[in-house]
Amino acid sequence: VQVMLEKDSGSPWTHRLRIIELFDAQLNAGMQIFFGKRMVNRALNKGHIHPSAYGSVPHRTAQDAVLEKTITLDMMRLTKTNGAILDCDAQACFDRIVLGLQSVFSRRLGIPKSAAIFFAKLWIGCKHFVRTRHGISSDSYSGTLLEVLYGIGQGNGAGPAFWLSHLIVMFFVMDTLVHGFQFNN
């Protein structure tokens with residue numbers, strides 16, 4: 001069931017509704033444990049997580065990312081070095097995850113083929129109902145093999161780990177294309 005929540009209380013405009021996917025609690029907990037914890041910890045232990053990835057990575061915090069950026073900017077100012085900073089807001093990133101790539105990226109981080117196939121089949125076979133304050137819709141929608149839905153559902157326990165698996169690939173690609181300096185502590 002997809003619950004439609006108002007971003008602005010009392011303003012139910014369609015473009016200002018947040019959609020949260022409500023999964024079965026046991027399924028969601030299993031997804032969080034299997035993908036969110038085991039996959040991320042295994043990838044971290046094997047050195048597959050890029051040093052610039054902070055979200056959903058154990059022992060890395062948002063404050064670490066802010067400190068690294070502040071130190072970088074201070075170093076540029078003190079050494080009078082030219083530089084550029086790119087701030088990219090990954091707004092609605094969970095809605096942009098491509099299911100086929102997600103299977104490949106999960107496998108890359110050590111998830112068994114059977115688990116990757118399980119999630120793909122689960123997501124393709126899911127019937128999505130919409131719930132508002134007026135009730136649950138009688139009609140539903142779902143993806144097919146020919147028309148796969150993008151995203152993995154806001155509220156999915158594995159969502160942060162799935163986005164991290166995409167982000168890691170983006171960072172490693174950027175490393176090959178962009179030249180700069182790296183600041184280690």
Would you check if [X] and [Y] make a side-chain contact, meaning some heavy-atom pair closer than 4.5 Å?
{"X": "Asp175", "Y": "Val173", "result": "no"}
{"X": "Ile136", "Y": "Val130", "result": "no"}
{"X": "His166", "Y": "Gln102", "result": "yes"}
{"X": "Gln2", "Y": "Leu22", "result": "no"}
{"X": "Met39", "Y": "Ser106", "result": "yes"}
{"X": "Ser103", "Y": "Ile117", "result": "no"}

Do [X] and [Y] belong together in a cluster built from hydrophobic side chains that touch within less than 4.5 Å?
{"X": "Phe34", "Y": "Leu27", "answer": "yes"}
{"X": "Leu149", "Y": "Val3", "answer": "no"}
{"X": "Phe171", "Y": "Leu164", "answer": "yes"}
{"X": "Val66", "Y": "Val57", "answer": "no"}
{"X": "Ile111", "Y": "Leu44", "answer": "yes"}

Heavy atoms from other residues, nucleotides or ligands near [atom1] of [X] exceed 12 (cutoff 6.0 Å):
{"X": "Tyr150", "atom1": "OH", "value": "no"}
{"X": "Lys37", "atom1": "NZ", "value": "no"}
{"X": "Arg60", "atom1": "CZ", "value": "yes"}
{"X": "Met170", "atom1": "CE", "value": "yes"}

I need the [X] [atom1] to [Y] [atom2] distance, nearest 0.5 Å.
{"X": "Leu122", "Y": "Leu99", "atom1": "CG", "atom2": "CG", "value": "9.5 Å"}
{"X": "Leu17", "Y": "Asp8", "atom1": "CG", "atom2": "CG", "value": "9.5 Å"}
{"X": "Ile49", "Y": "Leu109", "atom1": "CD1", "atom2": "CG", "value": "7.0 Å"}
{"X": "Asp139", "Y": "Lys127", "atom1": "CG", "atom2": "NZ", "value": "10.5 Å"}
{"X": "Arg131", "Y": "Ile19", "atom1": "CZ", "atom2": "CD1", "value": "15.0 Å"}
{"X": "Leu67", "Y": "Thr70", "atom1": "CG", "atom2": "OG1", "value": "6.5 Å"}

Please give me the minimum heavy-atom distance between [X] and [Y], naming the atom from each residue.
{"X": "Ser165", "Y": "Phe105", "result": "OG-CB, 3.7 Å"}
{"X": "Met76", "Y": "Gly83", "result": "CE-CA, 3.3 Å"}
{"X": "Ser56", "Y": "Val40", "result": "O-CG1, 3.4 Å"}
{"X": "Ala161", "Y": "Gly36", "result": "CB-CA, 3.6 Å"}
{"X": "Ala115", "Y": "Phe35", "result": "O-CZ, 3.8 Å"}
{"X": "Phe94", "Y": "Pro160", "result": "CZ-N, 3.5 Å"}

Subject >> Pair Phe119 + Phe162: ring centers closer than 6.0 Å >> reply: yes
Output yes when a side-chain donor or acceptor of [X] lies under 3.5 Å from a complementary backbone atom of [Y], and no otherwise.
{"X": "Trp123", "Y": "Val148", "result": "no"}
{"X": "Asn28", "Y": "Asn156", "result": "no"}
{"X": "Arg42", "Y": "Gly110", "result": "yes"}

**OP:** Could you give me the CA-CA distance, side-chain angles and deciding distance for Lys113 and Arg107, then say whether side chain to side chain contact (heavy atoms under 4.5 Å, CB included) is met?
**Re:** CA-CA 6 Å; Lys113 183 178 181 179; Arg107 296 280 318 276; 3.4 Å; yes
**OP:** Decide whether Thr72 and Glu68 meet the rule of one side-chain donor and one side-chain acceptor closer than 3.5 Å.
**Re:**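 Judged by distance alone, the side chains do not pair up.
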**OP:** Could you label the plane-to-plane angle of the His128 and Tyr141 rings as parallel, tilted or perpendicular, counting under 30° as parallel and over 60° as perpendicular?
**Re:**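 Parallel, since the angle between the ring planes stays under 30°.
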Original post:
Quick one: which of Ile168, Ile152, Ile97 gives a side-chain contact (heavy atoms from CB on, under 4.5 Å) with Trp163?
Top reply: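 Between Trp163 and the candidates, side-chain contact (heavy atoms from CB on, under 4.5 Å) is satisfied uniquely by Ile97.
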**OP:** Go through the steps to decide whether Glu21 and Gln154 satisfy the test side chain to side chain donor-acceptor pair (under 3.5 Å), and finish with yes or no.
**Re:** CA-CA 5 Å; Glu21 191 94 26; Gln154 294 287 347; over 6 Å; no
